[in-house]
Amino acid sequence: ETIINQRWKKGRYTKEEDEFIIEKVVEAKKNTSTGKVCLGLWVSIGKELNRDPELVLHRWNNKLSKIKSLDDIEKMKS
């Protein structure tokens with residue numbers, strides 16, 4: 001099944017999904033000299049969460065990248 005035909009999970013992100021995304025991005029940034037992550041990371045996270053990789057990236061850029069601590073996830077609305 002190709003990514004185009006994939007039926008992605010929709011709706012609000014869970015706290016666990018947000019934590020997973022943050023963990024993977026922080027880990028990936030530590031493993032690069034530039035601190036930037038590649039497109040493949042979003043594809044990988046999307047597959048693991050069964051979410052559209054573009055929407056995972058959007059979630060990161062618009063919400064999760066602004067979080068100062070994991071406790072802030074509980075305060076944040078999806």
Side-chain angles (χ1 to χ4, degrees):
E1 185 170 18
T2 65
I3 290 178
I4 294 169
N5 293 330
Q6 177 75 36
R7 291 185 183 203
W8 302 113
K9 179 179 174 185
K10 295 183 174 153
R12 293 182 182 264
Y13 284 77
T14 65
K15 179 183 174 199
E16 292 76 21
E17 287 174 315
D18 284 344
E19 289 173 347
F20 180 81
I21 295 167
I22 291 167
E23 179 183 301
K24 291 294 184 182
V25 173
V26 168
E27 181 182 312
K29 285 185 173 205
K30 284 181 185 175
N31 293 326
T32 66
S33 58
T34 63
K36 296 183 179 184
V37 298
C38 67
L39 180 60
L41 175 68
W42 306 111
V43 172
S44 174
I45 293 172
K47 283 183 179 180
E48 289 208 44
L49 297 179
N50 194 31
R51 296 236 183 218
D52 183 331
E54 287 185 36
L55 296 179
V56 172
L57 174 57
H58 186 265
R59 178 76 173 171
W60 171 258
N61 286 334
N62 292 311
K63 293 267 187 182
L64 302 179
S65 65
K66 297 166 177 62
I67 289 177
K68 303 286 187 259
S69 73
L70 292 179
D71 291 335
D72 290 343
I73 295 173
E74 290 189 32
K75 300 174 196 167
M76 181 181 65
K77 299 266 186 208
S78 294

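Ion pair R59/E17 not flagged as a salt bridge, since none of the NZ, NE, NH1 or NH2 atoms sits closer than 4.0 Å to an Asp/Glu carboxylate oxygen.
Around CD of E54, the count of heavy atoms belonging to other residues, nucleotides or ligands within 6.0 Å does not exceed 12.
Here the closest non-hydrogen pair linking L57 and W42 is CD1-CE2, 3.4 Å. Scanning both residues, V56 and G46, for their nearest heavy atoms gives CG2-CA, 4.1 Å.
Two residues are said to be in side-chain contact when any heavy atoms from C-beta on lie closer than 4.5 Å; L41 and V25 meet this criterion. The shortest distance between side-chain heavy atoms of W60 and I22 falls below 4.5 Å. Side-chain contact between F20 and E16 is absent, with no heavy-atom pair separated by less than 4.5 Å. Here the side chains of Y13 and L55 are in contact, with some heavy-atom distance below 4.5 Å.
Atoms NZ and CG, from K66 and N61 in turn, are 7.0 Å apart once rounded to the nearest 0.5 Å. The structure places NZ of K9 at 5.5 Å from OG1 of T14, a figure rounded to the nearest 0.5 Å.
A donor-acceptor contact shorter than 3.5 Å is absent between the side chain of K47 and the backbone of D52.
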